[in-house]
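What follows is a set of notes on a single structure, which appears directly below.
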Amino acid sequence: MKIVFLGTPDFAVPSLNALITAGYEVVAVVTQPDRPVGRKAVLTPSPVKVAALSHGVKVLQFEKISRDGVEELKKLNADIMVTCAFGQILSKEVIDVAPKGIINVHGSLLPKYRGASPVQYAVINGDKIAGVTIMQTDTGIDTGDILAVEKTDVGEKETAGELFERLSKLGAELLLKTLKKIEDGSVVPVKQDEKNATYVKMIKKEDAKIDFSRPAAVVFNLVRGMHPWPIAFTYLRGKLLKIFSCEISHEEYDGAFGEVVRADMKNGIVVKCGVGAIIINELLLEGGSKQNQREFLAGRKIFEGDILG
RNA sequence: CGCGGAGUAGAGCAGUCUGGUAGCUCGUCGGGCUCAUAACCCGGAGGUCGUGUGGUUCGAAUCCCACCUCCGCAA
């Protein structure tokens, strides 16, 4: 079976590798154009492009595939196309290029969390269960018929990045299973239940701002869900303070929301929340680099009574 | 030339504006105390203050110049 693979970030790499390893003929990989990255704005290829090139697979890059890529896609004569976190909306023309259409690997249990950042929101919302769905792509956003689902428990302290990695592997396995079913005709498409559909937007940096009037568990989930990007943040004396990791305190403290109620080597950096408190583990102050709480305290940059927010 | 911060003891920082004996928190080493601790007390070691064998000065971590490295923001 000839396959065209469309994907961009790390999440998609295991799926691409799985297809190639399993012996499918991946005739081309489509990925987002190289983007400037880092302080020096170096033009950087996407993780999927790097993986494709290492396998010697042809790489195509379009600014807008629906506008620029249809003719070239047709020439590839693929039987089916596979998308995984591709990052561009596909037109009907693109969907109709391959006879068996397009199937998509999505990082949530559809119809929950349709859209751009399903994995992060599973963590941010404190979900106990997450998963991947393989679905038929149609012209809506993650609205096509479901072909296969795989669930997994979310660890109590798991970060979005960690869950991402697990789901990407789970997705790759499920993709192979589903392709087999498509080949032998045993796959059964199931319509999505529109009443239970939810959408999640792309995460913006502003979404990662911590509200210390919320319960400690909510703050904790936000910190987990925003790791490794964009990283939950607040302010300390007007300076940006990023919090990479924290835990929920089991002690009760008196103080205002966001008040630093403890800041010493013994207790760590403890911040009062709406309900309970959190203990900060790794953090970064504007202009500085990431430090653990011991290093931060050694530098004497935070004291009891400071208010975050 | 996108904006900004930083390089001082093993770690994290202050000191630089207003040049004049090198400091803080921690770690480490030795001793003490305790049933006990990431507890406490006493004492010690450890630094060419990023590089220039640069400039100014009686004297530079501090002022001036050049360079290197690291980091945050923005994209």
Side-chain angles (χ1 to χ4, degrees), chain A residues 7-12 31-50 61-65 68 85-89 116-117 120 157 159-161 201-212 216 219-220 222-253 258-272 276-309:
Chain A
T8 300
D10 290 314
F11 187 78
T31 190
Q32 296 267 27
D34 296 2
R35 304 290 189 200
V37 165
R39 211 185 320 276
K40 289 171 185 169
V42 178
L43 217 52
T44 306
S46 73
V48 163
K49 179 175 179 180
V50 173
Q61 295 171 285
F62 306 106
E63 200 58 52
K64 272 192 180 178
I65 189 171
D68 311 324
F86 176 52
Q88 290 185 24
I89 293 170
S117 11
Q120 288 93 327
K157 295 182 178 177
T159 64
K201 302 162 300 187
M202 188 148 23
I203 301 257
K204 289 175 300 197
K205 289 198 176 185
E206 184 57 28
D207 299 328
K209 182 169 183 188
I210 297 171
D211 179 357
F212 284 106
V219 175
F220 174 67
L222 184 75
V223 170
R224 289 192 298 146
M226 293 300 177
H227 189 282
W229 191 92
I231 301 299
F233 69 93
T234 182
Y235 293 93
L236 170 62
R237 299 198 204 101
K239 285 190 170 180
L240 182 70
L241 182 77
K242 290 189 172 184
I243 298 178
F244 289 77
S245 63
C246 67
E247 53 194 273
I248 297 172
S249 171
H250 299 293
E251 307 278 325
E252 276 301 324
Y253 297 94
E259 181 174 342
V260 178
V261 289
R262 293 288 185 279
D264 57 73
M265 292 291 175
K266 190 177 176 185
N267 294 290
I269 303 167
V270 182
V271 184
K272 172 76 177 164
I278 59 160
I279 306 168
I280 298 175
N281 288 329
E282 296 174 299
L283 67 169
L284 173 158
L285 192 61
E286 181 178 328
S289 52
K290 181 174 160 186
Q291 300 179 324
N292 63 42
Q293 47 114 335
R294 284 182 75 83
E295 292 173 329
F296 199 85
L297 286 168
R300 292 145 73 69
K301 286 179 289 200
I302 192 167
F303 300 95
E304 264 180 46
D306 279 336
I307 304 285
L308 301 183

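Side chains included, hydrogens not; waters and symmetry mates left out as well; all remaining heavy atoms used. All values reported here derive from a predicted model rather than from experimental measurement. Below, chain A is the first sequence line, B the second, and so on; all start at residue 1.
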- Task: Please name the pair of heavy atoms, one in A/Gln88 and one in A/Lys64, separated by the smallest distance, quoted to 0.1 Å.
- Result: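 Heavy atoms only, the tightest pair is OE1-CA, 3.4 Å.
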
- Partner nucleotide, any strand, of B/G46 [Watson-Crick/G-U, under 3.5 Å]: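 None - no nucleotide pairs with B/G46, as no candidate has both distances under 3.5 Å.
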
- Message: Need the pair for B/C3. Rule: Watson-Crick or G-U wobble, both distances under 3.5 Å, any strand; none if unpaired.
- Response: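 Looking at the geometry, B/C3 pairs with B/G72.
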
- Partner set under side-chain contact (heavy atoms from CB on, under 4.5 Å) for A/Thr234, not counting sequence neighbours: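 For A/Thr234, the residues satisfying side-chain contact (heavy atoms from CB on, under 4.5 Å) (neighbours in sequence not counted) are A/Phe212, A/Leu241, A/Ile243, A/Leu308.
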
When rounded to the nearest Å, what value does the distance between [atom1] atoms of [N] and [M] take?
N	M	atom1	value
B/A75	B/G12	C1'	31 Å
B/U48	B/A9	P	9 Å
B/C67	B/G54	C1'	11 Å
B/A45	B/U28	C1'	9 Å
B/A38	B/C49	P	38 Å
B/C3	B/C13	P	25 Å
B/U16	B/G50	C1'	16 Å
B/U8	B/G4	P	23 Å

- Euclidean distance, atom CG of residue A/Leu283 to atom C1' of B/C71 [Å, nearest integer]: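 Value for this atom pair: 15 Å.
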
- Message: Just the rounded figure in Å: distance from C1' of B/A75 to CG of A/Asp34.
- Response: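 So the CG-C1' distance, A/Asp34 to B/A75, works out to 16 Å.
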
- Among side-chain atoms of A/Gln32 and A/Thr8, is any donor-acceptor pair under 3.5 angstrom?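 There is no such pair between these side chains.
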
- 4.5 Å side-chain heavy-atom contact, A/Phe303 and A/Val260: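 Not touching, per the 4.5 Å side-chain cut-off.
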
- Quick one: on RNA chain B, does A/Leu284 or A/Gly268 contact a more 5' nucleotide (nearest heavy atom)?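 Its nearest nucleotide lies further toward 5', so the answer is A/Gly268.
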
- Item | A/Asp207 (side chain) donor-acceptor with A/Lys204 (main chain) under 3.5 angstrom |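 At least one qualifying donor-acceptor pair exists.
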
- Item | Per-nucleotide protein contact string for nucleotides 6-12 of chain B, where B marks a base within reach and S marks sugar-phosphate only (heavy atoms under 4.0 Å, - for neither) | -----SB

- Does the distance from a Lys or Arg side-chain N to an Asp or Glu carboxylate O, for A/Glu206 and A/Lys201, drop under 4.0 Å?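 Salt bridge between A/Glu206 and A/Lys201, a charged N being under 4.0 Å from a carboxylate O: no.
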
